[in-house]
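Chain letters run A, B, ... following the sequence lines, proteins first and then strands; every chain starts at 1. Predicted, not measured: the structure shown is a model, and the values here were computed from it.
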There are 2 protein chains.
Amino acid sequence: MTITAVPADELPLRERKKLRTRRALVDAALELFTERGFEETTLDDLCAAVEVSKRTFFRNFGSKEDVALTPSQDMWAAFLDELERCEPGSGRPVIELAQDCLLVAVGRMTGDGWARQVRLGERLAARIPSVGAYGLHFCDRTTREALAILRRRFDLGDADDLRARLVLDMLIAAWHAALESWTSMPGEPGAADLAARLREAFAAIPGCLTLTAAPRDAPASP
Amino acid sequence: MTITAVPADELPLRERKKLRTRRALVDAALELFTERGFEETTLDDLCAAVEVSKRTFFRNFGSKEDVALTPSQDMWAAFLDELERCEPGSGRPVIELAQDCLLVAVGRMTGDGWARQVRLGERLAARIPSVGAYGLHFCDRTTREALAILRRRFDLGDADDLRARLVLDMLIAAWHAALESWTSMPGEPGAADLAARLREAFAAIPGCLTLTAAPRDAPASP
DNA sequence: AGGCAAATGCCACTGAGTGGCATAGTGAGT
DNA sequence: ACTCACTATGCCACTCAGTGGCATTTGCCT
């Protein structure tokens, strides 16, 4: 399912073959979209480059946008997986629990080109509206799944208590902030750099509620 | 520009005509999408119903998804407008400032069918992935514009300080939470009900950072 | 009245995404 | 080794969103 998972040479031949074409499609797609442009690259171009029929492409990916964000989506799958297995310290805030799971998920992304491909994908998301929209929608779905997992495993109060949902949305907000500064870093930052940015963003959450707006040309708030 | 603004009979005839077709397209679109289904309604159907060419549709709206969320987008335009004119009390948290602007913007939506059309649009966003994705992307763009306005008008600290961005994302999170419970309310709730839900969501923000996850079948956190 | 600019309609076209059906390669049972 | 079932794939035709170009109308201004 996830292309960054270990190839697991134990897998049946058929599965390995399918994974190979999946991987080839992602690689070629990110390369072509980045070099030649997203709109300028047709699916026929992509399929020709990988020597695969368009029908096969759509059996592996839901849309043209989907393939560009596959590496990011793999990380979110790991995040949900982590949520399923994590153990809450007693009295531990949910936000910390979720932050830990996200950091572990990022740490699990040890694939070779993962960081580079995520950066390429997110840059596309920033420039191409349809890709950005797809990414946001995927994040939203994942958030809902995460909430469902947490509610199933733990007692988070009434279902109409908005706090649990808000917590996860804050996590996502921090994620996006961290991701954006990470993708614009010079050089070739890796997963560890992303984790560092994430920690910074998490640290900024509590203080943001008290941020004040000083009129321009006046001393900033303490 | 916005279809919910007062008709302003003083407008040049040409503008009034354009507004009429815009309004007719939105009305017909929401009706058709809701009754017959989004995918099942082609743009040709819609244009035939309004007796307008497809070319004209695309001069008024950017996409099929766009027309469904026009009423919501009008509110966000009012929000940005409000951000431009608001005055910050000294030492007032940015989050409160933004919350007030959002409530004022909702209060400004006095058009007849506004609440109903927003509900129809958001229900489509919840059911149809492409509509949901478009809505999220629009929200994201609006958030960035709001941040730019605030940074231009007020001193919010360094540009790489993430707090200002996180504040706005929290506002959006509260908005979505409120909107969702509002759209699923029984009866025909109006803008005032939405404002009430918004206030509830705003109130839930501070407490969510301390929400704890109790193991199932154990007493909930205090 | 007459001319300008904007809005519209019509037409042809590209490209994403889907359904149906025939085929080939794979895994399992004998 | 042989066969049977399964699944992925390729190919073909199709729908529909969205775009560009050009001729035509329509409100607007002098």
Enquirer: Name the pairs: protein N/O against N/O of nucleotides 27-30 of chain D, kept only if under 3.5 Å.
Expert:
{"unit_1": "D:dG27", "atom_1": "OP1", "unit_2": "B:Lys17", "atom_2": "NZ", "d": "3.3"}
{"unit_1": "D:dG27", "atom_1": "O3'", "unit_2": "B:Arg14", "atom_2": "N", "d": "3.3"}
{"unit_1": "D:dG27", "atom_1": "N2", "unit_2": "B:Arg14", "atom_2": "NH2", "d": "3.1"}
{"unit_1": "D:dG27", "atom_1": "N3", "unit_2": "B:Arg14", "atom_2": "NH2", "d": "3.0"}
{"unit_1": "D:dC28", "atom_1": "OP1", "unit_2": "B:Leu13", "atom_2": "N", "d": "2.7"}
{"unit_1": "D:dC28", "atom_1": "OP1", "unit_2": "B:Arg14", "atom_2": "N", "d": "3.1"}

Enquirer: For A:Glu39 and D:dG18, what is the distance between atoms CD and P respectively, to the nearest whole Å?
Expert: 12 Å
Enquirer: What do you reckon, is CZ of A:Arg127 surrounded by more than 12 foreign heavy atoms closer than 6.0 Å?
Expert: no
Enquirer: Check this one for me: any side-chain N or O of B:Ser53 less than 4.0 Å away from OP1 or OP2 of C:dC10?
Expert: no
Enquirer: From CD1 of B:Ile128 over to P of D:dC16, roughly how many Å is that when rounded to an integer?
Expert: 16 Å
Enquirer: Quick one: which protein N/O atoms are closer than 3.5 Å to N/O atoms of nucleotides 11-14 of chain C? Pair and distance per line, please.
Expert:
none

Enquirer: With no hydrogens and no angle check, is any side-chain donor or acceptor of A:Arg123 less than 3.5 Å from a backbone partner on A:Thr183?
Expert: yes
Enquirer: Which heavy atom of B:Ala191 sits nearest to which heavy atom of B:Val106, and what is that distance?
Expert: O-CG1, 3.8 Å
Enquirer: Where the side chain of B:Glu65 is concerned, which of D:dG18, C:dT8, C:dT18 is the nearest nucleotide?
Expert: D:dG18
Enquirer: Take A:Val52 and B:Phe57, find for each the nucleotide of DNA chain D with the closest heavy atom, and name the residue whose nucleotide sits nearer the 5' end.
Expert: A:Val52
Enquirer: Please check if the distance between the ring centroids of A:Trp175 and A:Trp182 is under 6.0 Å.
Expert: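 Here the rings of A:Trp182 and A:Trp175 have centres that are no less than 6.0 Å from each other.
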Enquirer: To the nearest 0.5 Å, tell me how far A:Phe138 CZ sits from A:Ser72 OG.
Expert: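 The CZ atom of A:Phe138 sits 8.5 Å away from the OG atom of A:Ser72.
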Enquirer: In whole Å, what is the span from the CZ atom of B:Arg36 to the P atom of D:dC16?
Expert: 12 Å
Enquirer: Do A:Arg116 and A:Glu31 meet the salt-bridge criterion of a basic N to acidic O distance under 4.0 Å?
Expert: yes
Enquirer: Before accepting this row, confirm whether a basic side-chain N of the pair A:Glu51/A:Arg20 lies closer than 4.0 Å to the acidic partner's carboxylate O.
Expert: no
Enquirer: Figure out the CZ/C1' separation between A:Phe58 and D:dG10, and round it to whole Å.
Expert: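 Atom-to-atom, A:Phe58 to D:dG10, this comes out as 15 Å.
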Enquirer: Does B:Glu180 pair with A:Arg144 as a salt bridge, N-O distance under 4.0 Å?
Expert: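 Answer for the salt bridge query: yes.
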Enquirer: Atom CG of B:Asp44 to atom C1' of D:dG18: distance rounded to whole Å?
Expert: 11 Å
Enquirer: Salt-bridge test for B:Arg23 and B:Asp27: reply yes if a basic N is under 4.0 Å from a carboxylate O, no otherwise.
Expert: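 Here B:Arg23 does not pair with B:Asp27 in a salt bridge, since their nearest N and O are not under 4.0 Å apart.
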Enquirer: Please determine, for the side chain of B:Lys18, which listed nucleotide (D:dG18, D:dT9, C:dT8) has the closest atom?
Expert: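 Within the option list, the nearest is C:dT8.
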Enquirer: Could you state the CZ-C1' distance from A:Arg59 to C:dC21, rounded to the nearest angstrom?
Expert: 11 Å
Enquirer: Atom CG of B:Asn60 and atom P of C:dG9: how far apart are they, to the nearest Å?
Expert: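 Taking atom P of C:dG9 as the reference, CG of B:Asn60 is at 10 Å.
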Enquirer: Taking atom P of C:dC10 as reference, at what distance in whole Å does atom CD of B:Glu51 sit?
Expert: 11 Å
